[in-house]
K.L.:
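Sharing a structure below in structure tokens format, with a few things to ask.
Everything quoted here is computed from the prediction, not taken from an experiment. Proteins get letters first, then strands, A, B, ... in listed order; numbering begins at 1 in each.
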Protein chains: 2
Amino acid sequence: MHFSIDQLLAFHAAAELGSFSAAARRLCKAQSVISTAVANLEADLGVQLFDRAGRYPRLTPAGERLVKDAGRIIGECQHMQALAGELAGGVEPRLTLAIDDDSHLPWLERVLGDFATRFPRVELELLFPLMEDLLEMIGSGRAHLGVGYEQQGLRSAIRSHGLGSVEVALVVAARHPLARQGTVTRTELASTRQIALTARTRQKSSPEIQLSSAIWWVEGDPAVLEMVRQGHGWAIVPLFVANSALERGEVVRLQSDYVAGLPVQRLEVLWHRAHAHRQAGQWLRQALLEHGRDVFGDAGA
Amino acid sequence: MHFSIDQLLAFHAAAELGSFSAAARRLCKAQSVISTAVANLEADLGVQLFDRAGRYPRLTPAGERLVKDAGRIIGECQHMQALAGELAGGVEPRLTLAIDDDSHLPWLERVLGDFATRFPRVELELLFPLMEDLLEMIGSGRAHLGVGYEQQGLRSAIRSHGLGSVEVALVVAARHPLARQGTVTRTELASTRQIALTARTRQKSSPEIQLSSAIWWVEGDPAVLEMVRQGHGWAIVPLFVANSALERGEVVRLQSDYVAGLPVQRLEVLWHRAHAHRQAGQWLRQALLEHGRDVFGDAGA
DNA sequence: CTGACTTACGGTTTCCGTAACGATT
DNA sequence: AATCGTTACGGAAACCGTAAGTCAG
């Protein structure tokens with residue numbers, strides 16, 4: 001590998017413009033520099049790149065094949081240059097976001113899309129640990145940013161900011177017997193099968209969730225919703241999980257004083273007090289909070 | 001883009017070995033060269049790549065991110081170098097193979113696999129034109145190599161070599177009524193539904209193929225075989241198309257004097273007399289002929 | 001005290017731009 | 001005639017290796 005990037009630049013520009021002189025003008029060099037650079041590159045590679053018969057040089061078949069590689073290498077170099085500029089400007093090279101949620105987080109889609117266009121070169125790592133692990137990960141620096149439900153005993157090293165409260169909905173399939181009633185009582189719910197959320201790893205299945213004696217435990221909000229959609233029973237799920245199914249009319253929402261009495265689930269964004277965020281982290285934290293307000297409604301810290 | 005490939009090599013080696021001295025030994029340079037190269041690269045990128053506190057340099061987070069890009073660029077450069085060596089050694093940069101066949105050509109799989117390992121950097125183009133277009137493409141140089149059925153009026157500029165004759169088989173589904181007989185007559189075939197090959201683009205549907213009055217025209221040998229497998233009728237297909245289905249016992253082969261009377265289909269390899277093949281083309285032509293003999297049995301030009 | 005990194009320094013190589021020349025349109 | 005590509009040439013910049021200095025384990 002004896003050739004240089006400058007030679008590749010000269011080769012690429014000359015091939016693109018079809019003229020050594022034009023390439024020299026673009027690269028702000030003397031013509032002879034381009035000429036010798038291409039000649040040296042040909043000598044290094046052992047391949048003739050241009051056919052110099054006419055007034056303008058023409059790519060040989062081999063040159064046509066190799067100019068693609070040259071362009072790719074130049075692109076990689078520019079990518080590296082741009083990345084270095086971002087790193088020097090205070091953008092973290094990688095960012096780990098830990099999210100405590102069983103659902104697919106459809107409300108995150110827009111934020112991550114914006115992040116991808118705003119910071120295309122930052123390596124983003126998405127993890128979905130349990131809440132206890134999440135706190136440990138933020139405390140140790142394994143994760144830079146976390147999203148999870150409100151906890152009581154937060155360590156002082158961890159800061160948090162409310163993202164909003166998750167509105168839950170009582171849903172059944174559109175063809176379910178309960179669907180005809182707009183409002184249902186605790187007794188009616190207790191005598192119908194309930195679909196409740198569980199987790200493979202979570203040992204303690206919170207008993208306060210269970211209302212009905214006939215109950216199916218299902219892992220993950222999407223799977224719970226699917227069971228409801230198939231008419232197997234009623235369930236309490238976050239509204240944003242049920243939204244698309246509600247719009248399609250596959251499931252309907254019921255009113256009940258039981259739902260009103262449930263404890264409010266508050267989502268919050270978590271980060272470490274000592275580990276200062278750089279540009280990408282600051283942006284993502286801000287975007288999460290702002291987007292959270294749009295989705296879940298306003299809620300203080 | 002002020003940095004050089006040598007700087008990237010020094011950076012990459014130092015990061016991999018964890019020592020500037022070791023990198024110098026690997027690259028056969030003085031230690032100071034590595035030291036200054038890395039320092040200059042850091043100055044060019046505006047990013048500190050190593051933490052030089054201890055006895056051995058340690059990558060910074062930014063350096064850890066950037067060393068991947070450096071490795072990728074180096075790999076691309078080596079790829080370009082290797083490609084240039086092949087081109088200089090007489091390997092064509094791209095090769096176009098035109099095949100006249102409606103089937104998926106399962107017998108080609110091994111040849112193309114070997115080609116991919118033997119010539120990983122050659123751009124291979126596979127086209128499936130009609131036979132008339134195929135001859136034109138070889139004549140004009142659009143395709144370097146062709147595979148098709150024997151033709152009468154070959155132009156003198158096109159050379160050909162027999163690949164072997166395609167053995168055809170009369171097949172029906174294993175549960176088809178005809179399957180119980182080992183041998184069938186023309187009359188029996190004529191009174192049972194025939195599945196025959198057609199093509200979307202081909203206007204003239206060769207009438208000599210049609211034996212039965214009850215006939216379904218299906219596009220492509222695989223689809224014909226599928227119709228047979230489902231028990232819709234009998235068909236004449238190339239043996240290599242039916243082979244796997246025969247082995248699985250889904251279809252069975254019948255004997256009939258009708259099949260013996262069909263004209264023999266001879267496959268041949270075609271190329272232009274004036275356009276000499278280079279290494280990849282020579283290899284592929286040879287491999288096609290040898291593999292053809294294994295699959296179709298020996299047959300002269 | 002060994003081995004590793006940095007810095008200084010002299011010599012060589014390489015590279016650049018100017019300029020002259022031949023060739024093409 | 002204008003422009004393009006090649007080649008020659010002088011000066012400058014970059015590069016390399018040696019060597020001395022500093023520091024960690």
Side-chain angles (χ1 to χ4, degrees), chain A residues 1-60 62-64 66-67 70 73-74 77 81, chain B residues 1-60 62-64 66-67 70 73-74 77 81:
Chain A
M1 218 145 57
H2 209 226
F3 55 87
S4 73
I5 297 178
D6 285 339
Q7 288 171 354
L8 296 183
L9 283 168
F11 171 37
H12 188 256
E16 185 178 333
L17 299 172
S19 155
F20 289 7
S21 304
R25 285 191 287 273
R26 167 184 287 188
L27 299 176
C28 303
K29 298 281 173 72
Q31 298 161 340
S32 67
V33 174
I34 307 299
S35 186
T36 56
V38 172
N40 288 337
L41 183 60
E42 286 178 325
D44 286 334
L45 295 178
V47 177
Q48 187 167 359
L49 300 172
F50 287 99
D51 173 19
R52 295 169 173 80
R55 179 174 174 80
Y56 290 93
R58 288 187 50 79
L59 279 174
T60 62
E64 209 157 323
L66 286 166
V67 76
I73 292 172
I74 292 169
C77 288
Q81 180 93 326
Chain B
M1 218 144 57
H2 209 227
F3 55 86
S4 72
I5 296 178
D6 286 339
Q7 289 171 355
L8 296 183
L9 283 168
F11 171 38
H12 187 256
E16 185 178 335
L17 298 173
S19 155
F20 290 5
S21 305
R25 285 190 288 273
R26 168 183 286 188
L27 299 177
C28 303
K29 298 282 174 72
Q31 297 162 340
S32 66
V33 173
I34 307 299
S35 185
T36 56
V38 172
N40 287 337
L41 183 60
E42 286 177 325
D44 286 333
L45 295 178
V47 177
Q48 187 167 358
L49 301 172
F50 287 100
D51 174 18
R52 295 170 173 79
R55 180 175 175 79
Y56 289 93
R58 288 186 49 77
L59 278 175
T60 62
E64 209 156 324
L66 285 166
V67 75
I73 293 173
I74 292 169
C77 288
Q81 180 94 325

K.L.:
Less than 4.0 Å between a side-chain N and a carboxylate O, is that true for B/Arg58 and B/Glu64?
P.N.:
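A salt bridge is absent here (no side-chain N lies under 4.0 Å from a carboxylate O).
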K.L.:
Distance check, rounded to the nearest 0.5 Å: A/His2 atom NE2 versus A/Asp44 atom CG?
P.N.:
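Reported to 0.5 Å precision, the distance equals 6.5 Å.
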K.L.:
Counting only N and O atoms by type, is there a donor-acceptor contact under 3.5 Å from the side chain of B/Glu16 to the main-chain atoms of B/Ala13?
P.N.:
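Not a single qualifying donor-acceptor pair exists.
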K.L.:
Does B/Phe20 reach the side chain of B/Tyr56, with side-chain heavy atoms less than 4.5 Å apart?
P.N.:
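A side-chain contact under 4.5 Å is absent here.
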K.L.:
If only atom types and distance count, is the side chain of B/Gln31 paired as donor or acceptor with the main-chain N or O of B/Ser21 below 3.5 Å?
P.N.:
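Judged by distance alone, no pair lies under 3.5 Å.
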K.L.:
With distance as the sole test, does A/Glu42 use its side chain to make a donor-acceptor pair with the main-chain N or O of A/Phe50 at under 3.5 Å?
P.N.:
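Confirmed, A/Glu42 side chain pairs with A/Phe50 backbone.
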K.L.:
Any chance you could measure B/Phe3, atom CZ, to B/Ile73, atom CD1, to the nearest 0.5 Å?
P.N.:
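Taking CZ in B/Phe3 and CD1 in B/Ile73, the distance rounds to 5.0 Å.
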K.L.:
For B/Leu49, does its backbone N or O pair with a side-chain atom of B/Thr60 as donor and acceptor, under 3.5 Å?
P.N.:
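Answer holds: yes.
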K.L.:
For each nucleotide in nucleotides 6-25 of chain D, reading 5' to 3', give B when a protein heavy atom comes within less than 4.0 Å of its base, S when such contact involves only the sugar-phosphate, and - otherwise.
P.N.:
SB--------SBB-----BS
K.L.:
Contact boundaries of DNA chain C with chain A (under 4.0 Å, heavy atoms), 5' to 3'?
P.N.:
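Listed 5' to 3', the contact boundaries are C/dC16 to C/dT25.
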K.L.:
What does B/Arg58 touch in the nucleic acid at a heavy-atom separation under 4.0 angstrom: a base, only the sugar-phosphate, or nothing?
P.N.:
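If one applies the 4.0 Å heavy-atom cut-off, B/Arg58 turns out to touch nothing in the nucleic acid.
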